[in-house]
Engineer: 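Okay, here's the structure, questions in a sec.
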Amino acid sequence: MAAPIFLSSPTFTTYRTIQASLNLNSRCWLRTQKPKLLLYMVPATPTPTVCSRQFMFKPYAAVNSLETHVSTHQNKAASGVSSQNGFHRSKTLFDKASDSSDGMSDFERQLQELFNEVKTLITTGKEKDAVDLLQANYEAVKEQMNDGSKGIEEAAILDVIALGYTAVGEFKSVRSLLDVISEVIDDLNNDEPLLDSILVHMGSMYSNLGEFAKSLPVNQRATDILENRHGKNSVVLVTPLLGIAKVLSSTGKATKAVDIYHRVIRILELNRGVETEDLVVPLFGLGSLLIKEGKVTGAENSFIRILNIYTKLYGENDGRVGLAMCSLAHAKCAKGNANEAIDLYKKALQIIKDASYMPLDDSMMENMRIDLAELLHVVGRGREGRELLEECLLITEKRKGKDDPSLVTHYLNLAASYSQSKDFVTAERLLRTSLEIMKRADGPENPSITFPMLHLAVTLYHLKQDEEAEKIALEALHIRKKAFGKDSLPVGEALDCLVSIQSRLGKGEAELLEQLERVLKIQEREFGSESEEVMVTLNKVVFYLDKLGKKDKKFALQKRLSRLQMKYKQSVRY
């Protein structure tokens, strides 16, 4: 039995997994083995999920703004100004106008003013002043609550304060505020004014925090209130129903989520017609979920409908049409129609560029170029793909300078591309450049630098520079052990890389087997005993058991390996 070919160029799958563990913020195209035709989107959530890009249509993508959590036809918001740090202090929400004759409407006006003030401070870069304003109002409402006042007004003010803290990224404060709001509204009757809006906001904030178990009941309560007030087909149900659909999608209850999306679509069609732009959000949510569930034809139909809506409303050369084409390309790709997806991406990028719909250096544009580059590599058009990756590098370099850490993503992408085309010399140069940039930015012991380090070790292995490859892999392993612990997934990947290098250097087979068994245990814990990663490592373990003459142990593992190979319908090279 010949020695197995252990080491290949770094794979996209490995990158996604390890970057998640390292909490890296960059995204890379790193697929060098034949992939499933899937696109990966940049997350819009605070915690990065590696190369899992989440496509958002621009008109609905106020991802990091206060407006993400506000339904314009339902929500009232809030006012008052801080006096700290020289910022003018006007009345807080409890300093009500004494000449008010309409009670709650005056209160709602003040809520709106506070909301607008916080929003203005954040959008103009005065986040500290925004926090001071929020804190001033929080202290006022807390004092009022300590005096025994715990009603809808207190809940409404806390709601707007929580929205403000969400917008500035103070998520710890948001959690504590939501707990307080929950205590207040639990004792309120459903006929209280503003309660439905507060519940909708809470559902959105809980969902953004990943607390789906808390998001679902508040969205359901909001839906029940609005149904009783307006009927089961009212358009005001759309926002809480979309909140419910998001929670169900995120918690593995896809069938129920699909039903909710269809209900939202029916409500909008009934109230606003079959070509209203309002349909874009539920159609997109439905299409994305159907792709995730492998129901690609249904997803494709949803995205085609979005494309038709935008084309009819804005014309075929509008930037929104280009974005819709990209989403349809996603579905085409998942369906296996890579060439159709490529044509759609190319046309979409040209439309968006010609329409000046967004700057060339916009992150969404960058993601679309990388999507297209990935697909071009998949179908064997690597040179075209590299041209797009080089364009991404040049645009970022022009905007941020030649030493900015954001360039590392593009250097790694290009290095992976050159590695796939067997140009390891160019890949080595790009990897060394990226490593130097990261060391200057993050320091030599930061675990994030171990990703380009391992890539460089792999590239040096292909260039037959095994001693330097081993040195770099050992250094990466040491950094990861210190940062994540000896049994962590990042350590497992580094060990796997090191074993391949040391195997060719002639290291002891018993030692290599011991390291591979460690890798196997880590992968079984992280990916499950039936995973493809486990199958690949199991093949290596079986090889060394055979070399060391451990026939009994080999026989048991060989049966398991054969079963996994049948499962994945692929042969492992020896």
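One is the number of the first residue; the rest follow in order along the sequence.
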Engineer: So, S503 versus Y544: side-chain donor-acceptor pair below 3.5 Å or not?
Structural biologist: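 S503 vs Y544: donor-acceptor pair found between side chains.
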
Engineer: How far apart are the C-alpha atoms of K540 and V499, what are their side-chain angles, what is the distance that settles it, and do they pass the side-chain contact (heavy atoms from CB on, under 4.5 Å) test?
Structural biologist: CA-CA 10 Å; K540 303 174 188 179; V499 166; 6.0 Å; no

Engineer: List in chain and number order the residues that pass side-chain contact (heavy atoms from CB on, under 4.5 Å) with S250, two or more places apart in sequence or in another chain; answer none if no residue qualifies.
Structural biologist: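 Here the qualifying residues are F212, K246.
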
Engineer: Kindly check if the number of other-residue, nucleotide or ligand heavy atoms within 6.0 Å of CZ (R563) is above 12?
Structural biologist: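 Counting other residues, nucleotides and ligands, CZ of R563 exceeds 12 neighbours.
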
Engineer: With sequence neighbours excluded, what pairs up with E524 under the salt bridge (Lys or Arg N to Asp or Glu O under 4.0 Å) test?
Structural biologist: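 Expected list: R560.
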
Engineer: Nearest 0.5 Å, what's the CG-CD distance between L372 and E387?
Structural biologist: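 Answer for the CG-CD pair, L372 versus E387, is 11.0 Å.
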
Engineer: Identify, with sequence neighbours excluded, every residue that meets side-chain contact (heavy atoms from CB on, under 4.5 Å) alongside V174.
Structural biologist: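 V174 satisfies side-chain contact (heavy atoms from CB on, under 4.5 Å) with Y165, T166, L178, M205, L209 once adjacent residues are dropped.
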
Engineer: Return yes if a side-chain donor-acceptor contact under 3.5 Å exists between N446 and S448, otherwise no.
Structural biologist: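 Yes, a side-chain donor-acceptor pair sits under 3.5 Å.
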
Engineer: Which residues satisfy the salt bridge (Lys or Arg N to Asp or Glu O under 4.0 Å) test with E511, sequence neighbours excluded?
Structural biologist: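 Applying salt bridge (Lys or Arg N to Asp or Glu O under 4.0 Å) to E511 gives none.
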
Engineer: Do D179 and K214 meet the salt-bridge criterion of a basic N to acidic O distance under 4.0 Å?
Structural biologist: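 So K214 pairs with D179 through a salt bridge.
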
Engineer: Please state whether the rings of F303 and F284 are parallel, tilted or perpendicular, taking 30° and 60° as the class boundaries.
Structural biologist: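 Geometry flag for F284 against F303: tilted rings.
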
Engineer: List the residues meeting side-chain contact (heavy atoms from CB on, under 4.5 Å) with E390, not counting sequence neighbours, and say none if there are none.
Structural biologist: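 Partners of E390 by the side-chain contact (heavy atoms from CB on, under 4.5 Å) criterion, ordered by chain and then number, come out as L414, Y418.
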
Engineer: Verify whether one side chain among Y345 and D371 offers a donor that lies under 3.5 Å from an acceptor in the other.
Structural biologist: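 On atom types as modelled, these side chains qualify, holding a pair under 3.5 Å.
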
Engineer: Considering only heavy atoms from C-beta outward, does the side chain of Y411 approach that of L431 to under 4.5 Å?
Structural biologist: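 No, their side chains stay 4.5 Å or more apart.
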
Engineer: Would you check if the side chain of H377 reaches a backbone N or O of A373 as a donor-acceptor pair within less than 3.5 Å?
Structural biologist: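 Yes.
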
Engineer: Name the residue from E517, Q523, E532 that meets the side-chain contact (heavy atoms from CB on, under 4.5 Å) definition with T537.
Structural biologist: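 With T537 as partner, side-chain contact (heavy atoms from CB on, under 4.5 Å) holds for just one option, Q523.
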
Engineer: In a table with atom names and distances, give each donor-acceptor pair under 3.5 Å that connects a side chain of residues 395-402 to protein atoms at least two apart or in another chain.
Structural biologist:
residue: T396; atom: OG1; partner: C392; partner atom: O; Å: 3.0
residue: T396; atom: OG1; partner: H410; partner atom: NE2; Å: 3.1
residue: R399; atom: NE; partner: D361; partner atom: OD2; Å: 3.1

